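For reference, the structure is listed below as structure tokens.
Just so you know, ligand 1 is whichever comes first in the structure, and atom 1 is the first atom listed for that ligand. Please read all numbers here as calculations on a predicted model, not as lab measurements.
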Amino acid sequence: MKRLAVFASGSGSNFEAIAEGCRSGAIEDAEVVLCVCDKTGAYVLERAKKFDVPTLVFNPKEFASKRDFERMIADRLDAERVDLVCLAGYMRIVGEELLARYGGRIINIHPALLPAFKGAHAIRDAFEYGVKVYGVTIHDVDSSLDGGRIISQVAVPYEGDDIEELESLIHKAEHKLYVETISRIIG
Ligand code: GAR
């Protein structure tokens, strides 16, 4: 059994897709053993409860530095014997401490066709730019923002003018691509 940790800051729909993928067997021989969240009250914590996944919730402001909270996180990943870290809407740049200890075993999902539209508002930025083909990227995590080797991508064509409809299409594509990609990486 491969042991996954999922990091999230918000709603956690990708967390749920991964947890459900493990439960249904769409991701074979893997389980989500930890949900790491930097926001008290984030909806992902409700989803974690539903899937009986233990959570590590922390407030970055209560630590003197990023190195300090990442040391605490990495110690917990060690204790849980985590094989792969999946960032799923974790809205922080991963720092030196986590990269030193888990580099090469951290992947991220981004709601755009990288290297276009990096950052925290990719869907809105692409929509305002007026692109006709949107997409999703999964990549290795390094010290850059939304950088690192691309592992997989999928295009989402959309020419409508309803950003909510677009977001929902992109999220659907994310859930499918994340499950397929994790399955392939650990298989
Ligand atoms: C997802 O769309 C993910 O790609 C994005 O945050 C959303 C989280 O949704 N991540 C980034 O923008 C990273 N730069 P979720 O909490 O419902 O999974």
Side-chain angles (χ1 to χ4, degrees), residues 4-24 26-27 32 34-51 53 55-58 60 66 70 73 84-95 98-99 102 106-129 131 133-158 162-183 185:
L4 313 181
V6 179
F7 288 30
S9 305
S11 157
S13 70
N14 281 283
F15 164 87
E16 176 148 356
I18 295 167
E20 180 56 36
C22 292
R23 183 155 80 180
S24 72
I27 303 173
V32 180
L34 185 65
C35 169
V36 175
C37 179
D38 60 348
K39 290 252 163 42
T40 335
Y43 188 62
V44 67
L45 299 169
E46 301 294 317
R47 302 195 201 245
K49 201 183 288 171
K50 190 170 88 182
F51 281 86
V53 170
T55 55
L56 171 60
V57 191
F58 69 100
K66 179 180 271 205
E70 287 201 339
I73 296 171
L84 181 68
V85 172
C86 304
L87 307 186
Y90 179 66
M91 294 312 209
R92 293 184 176 277
I93 295 184
V94 171
L98 262 176
L99 283 173
Y102 277 83
I106 310 178
I107 62 176
N108 181 44
I109 190 158
H110 184 73
L113 292 172
L114 289 173
F117 304 111
K118 295 181 177 189
H121 308 288
I123 299 179
R124 196 188 65 201
D125 292 347
F127 182 74
E128 285 176 359
Y129 199 92
V131 305
V133 179
Y134 297 79
V136 176
T137 302
I138 293 171
H139 61 93
D140 280 332
V141 170
D142 62 18
S143 56
S144 59
L145 171 69
D146 297 321
R149 182 186 65 97
I150 290 175
I151 301 167
S152 58
Q153 287 187 308
V154 67
V156 178
Y158 182 73
D162 179 348
I163 191 160
E164 282 173 17
E165 183 181 43
L166 170 65
E167 278 168 351
S168 130
L169 287 174
I170 291 180
H171 289 313
K172 223 177 263 168
E174 287 192 309
H175 302 157
K176 183 163 181 284
L177 190 68
Y178 224 166
V179 167
E180 287 169 1
T181 302
I182 292 170
S183 198
I185 288 178

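Screening Thr181, Ile107, Val141 against Cys86 for a side-chain contact (heavy atoms from CB on, under 4.5 Å) leaves a single residue, Ile107.
Around ligand 1 you find Ser11, Gly12, Ser13, Asn14, Gly89, Met91, Ile109, His110, Pro111, Gly119, Asp146, His171, Glu174, each with a heavy-atom distance below 4.0 Å.
Listed by chain and residue number, Arg92 satisfy the salt bridge (charged side-chain N to carboxylate O under 4.0 Å, His left out) test with Asp38 (two or more places apart in sequence, or in another chain).
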Output side-chain donor-acceptor pairs under 3.5 Å for residues 10-19, partner residues at least two apart or in another chain, one line each.
| residue | atom | partner | partner atom | Å |
| --- | --- | --- | --- | --- |
| Ser11 | OG | Arg47 | NH2 | 2.8 |
| Ser13 | OG | His175 | NE2 | 2.8 |
| Asn14 | ND2 | Glu174 | OE1 | 3.2 |
| Glu16 | OE1 | Arg47 | NH1 | 2.9 |
| Glu16 | OE1 | Lys50 | NZ | 3.4 |
| Glu16 | OE2 | Lys50 | NZ | 2.9 |

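Ile93 approaches Glu70 most closely through the heavy-atom pair O-OE2, 4.3 Å.
Atom NZ of Lys176 has 12 or fewer neighbouring heavy atoms from other residues, nucleotides or ligands inside a 6.0 Å radius.
Among residues at least two apart or in separate chains, salt bridge (charged side-chain N to carboxylate O under 4.0 Å, His left out) pairs with a member in residues 137-148 are Asp140-Arg149.
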